[in-house]
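The shown structure was predicted, so the numbers you read here are calculated from the model rather than taken from an experiment. Quick note on labels: first sequence line is chain A, next is B, and so on, each numbered from 1.
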Amino acid sequence: MPELPEVETIRRNLLDKVKGLEVRRVEILSPKFIEHPGPEEFAVRLTGKVLGDIERHGKYLVLRFGAGAGGGEPASATEELVVVHLKMAGRLIACRRSEPVVKHTHVIFHLDGGWDLRYIDLRHFGRLAILAGGESPVVTPAPSRRLEKGLKALGIEPLSPEFTAEWLAGYLARRGGRIKAVLLDQHVVAGLGNIYVDEALFEAGIHPERRASSLSAAEAAALHQAIKVILRHAIDFRGTTILTYVDGEGRRGEFAAKLKVYRKHGQPCPRCGTTIERAIVAGRGTHFCPRCQARR
DNA sequence: CTTATTACCTGGCAGC
DNA sequence: TGCTGCCAGGTAATAA
């Protein structure tokens, strides 16, 4: 479900609603969503902590839980970092405790003041984990460290100053894969997914099956600009709801109304009127205008 | 190393 | 009303 604009929207919503609240109890309804440590230890280590800042890295969220009011130790000694990846259908929602617990609710952080932070996931792909502190090296088996490894391996943030047209052109020149596959690779640019890759390629006039190394410097620059503009625009509209996505307050994102090609196959291209096509590229449903996005 | 394919889950929807 | 098959916002493991 969520790509960078959706995850960023959730981050902002959660900061607004539940930052500064203490964790009274962690209720784990489905243990398999806790990647590390075990579910009991996960709950114990977070109980009594206070939710501080929330960071977004690509499509990952990192929630900082600091020392509670009772603790005399410095915050750094007891701080826990919780990493969350929502994958296709995960939701992270701040709501009142009185709200009904819907089907597929897997973890509930019961907070002060009658607030809950709930993890809900229809397709069961997402995971949560506590990041290892500096003093605990990775002794744990690899399958329980996927979130941590994925987070460390992320590529460049597309809305950071380091993401320049020159960098993108230089990187693409060295890759032989299809441009769509390269843009979906989180080790390259962090946070793009199927919706925004299709939209950015349309905006830049580039066919999704082009080889990355075949793009000219001018095309790479157009793509760089399109990625930044679309991501910022989508954040302004609180993300895109197609099927299941809701933001951190349970509301739909409104960017679906602004999409130009994603899931528009069979409809006329908004620029030239040619019928939008759908194909499978990089294993994903891919939408493009065959005229505006020529193969060569 | 790079690139392509598949498995992981549940549920909505179109077509018969 | 069923039933079947396809589709879904992601990515790690596996194969080549």
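Side-chain N or O atoms of Arg91(A) include none that pairs as donor or acceptor with a backbone N or O of Ile120(A) at under 3.5 Å.
Residue Glu3(A) places its side chain closer to dG10(C) than to any other of dG10(C), dA8(C), dT10(B). Checking dT11(C), dA13(C), dC7(C) against the side-chain heavy atoms of Arg278(A) singles out dC7(C) as nearest. Side-chain proximity of His124(A) to the nucleotides dG10(C), dT10(B), dA8(C) is greatest for dT10(B). For Lys59(A), the side-chain atoms get nearest to dG10(C) when compared with the rest of dG10(C), dA12(C), dG11(B).
Nearest-nucleotide mapping onto DNA chain C: of Arg123(A) and Gln186(A), the residue sitting toward the 5' end is Arg123(A). For the pair Leu122(A) and Gly150(A), both in contact range of DNA chain C, the more 5′-proximal nearest nucleotide belongs to Leu122(A).
Within the 4.0 angstrom heavy-atom criterion, only backbone atoms of the sugar-phosphate kind lie near Gly193(A); the bases stay farther away.
Lys260(A) and Asp198(A) are not joined by a salt bridge, as no carboxylate oxygen comes within less than 4.0 angstrom of a charged side-chain nitrogen. Ionic pairing of Arg295(A) and Glu209(A) is present here: one or more N-O contacts between side-chain nitrogen and carboxylate oxygen are shorter than 4.0 angstrom. Taking a cutoff of 4.0 Å between a charged side-chain nitrogen and a carboxylate oxygen, Glu79(A) and Arg64(A) qualify as a salt bridge.
Stacking of Arg96(A) on the aromatic ring of Trp115(A) is recorded, both the 6.0 Å distance cut-off and the 45° axial limit being met.
Rounded to an integer number of Å, the gap from CG of Leu147(A) to P of dG10(C) is 16 Å.
Here Phe125(A) packs flat against the base of dC8(B); its ring centre is closer than 5.5 angstrom to the base's six-membered ring, tilted by less than 30 degrees.
Within residues 169-183 of chain A, the residues that place at least one heavy atom under 4.0 Å from DNA chain B are, in residue-number order, Arg175(A), Gly176(A), Gly177(A).
Aromatic ring centres of Phe202(A) and His287(A) lie farther apart than the 6.0 Å criterion allows.
Nucleotide dT10(B) forms a pair with dA8(C), judged by Watson-Crick or G-U wobble geometry with both contacts under 3.5 Å.
When the P atom is used for both dC9(B) and dA13(C), the distance is 14 Å, rounded to whole Å.
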